[in-house]
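Below: one structure, written as structure tokens.
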Amino acid sequence: MVSSNIEKALNDQVALEAFSYFQYLAMASWLDNNGFEGASKFIYNQAEEEKMHMQKLFFYINDAGGFAKAPAVPQPNHEYASLEELFKLILNHEGKVSTSIHELVNLCLQEKDFTSFNFLQWYVSEQLEEENLFRTIVDKIKMVGANTDGLYMLDKDLGRMAITPNQPLNSDMQP
Ligand code: FEO
């Protein structure tokens, strides 16, 4: 059974994943309204992943004898200066999510809650993947710069990744 400390920390993580879900929905909407149809589809998919992250934690809390609470979520930002700014914000946000997961894992070790520790390993790997993915996208956006043809192709590539997530980014640009 989870301790009250770990139950609270897990519920705080539920709130952070819920915020990620709504933040990415807001971003997908901005992208859709600003001509980035492919990136919008990609970020809608990421939003769905965040919802899954939230639910997985939610169910675990109750399975482990705690009480999962539906969180209050602050309204996310709806305006972004550019594609680059938006993806940099995501990368920064995912860094914060990773820190939060690592603190949670550390708390589990301190309290010798090896069941929750084991459960959270999935999130540790997932965060590594997400940070890596968004870092690659930010690097590609920087590389393309203000080149409209490049931006068009990158947007198409992101759209394709939304349909087949394991497809490598920027396949069109490779020789
Ligand atoms: Fe669920 Fe992207 O953190």
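Remember, it's 1-based here, ligands and their atoms both numbered in the order they're listed. Side-chain atoms are counted along with the backbone in the values below, which use heavy atoms only and exclude waters and symmetry mates. The shown structure was predicted, so the numbers you read here are calculated from the model rather than taken from an experiment.
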Do D139 and R135 sit within salt-bridge range, that is, some charged N less than 4.0 Å from a carboxylate O?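 Answer for the salt bridge query: no.
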Between K88 and E85, is there a salt bridge with N-O shorter than 4.0 Å? no
What is the ring orientation for F36 with W30, classed by angle as parallel under 30°, tilted 30 to 60°, or perpendicular over 60°? parallel
For Y24 and H93, take the angle between the two ring planes, folded into 0 to 90°, and tell me which bin it lands in: parallel under 30, tilted 30 to 60, perpendicular over 60. perpendicular
E130 N/O/S atom closer than 2.8 Å to atom 2 (Fe) of ligand 1: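 Yes - counting backbone and side chain alike, E130 has an N, O or S atom under 2.8 Å.
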Quick check on atom 1 (Fe) of ligand 1: does E50 put an N/O/S atom closer than 2.8 Å to it?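 E50 does place an N, O or S atom closer than 2.8 Å to atom 1 (Fe) of ligand 1.
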Between atom 1 (Fe) of ligand 1 and E17, is there an N, O or S atom separated by less than 2.8 Å?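 For E17, the answer is yes, given that an N, O or S atom comes within less than 2.8 Å of atom 1 (Fe) of ligand 1.
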Which atom, counting only N, O or S, brings H53 closest to atom 1 (Fe) of ligand 1? ND1
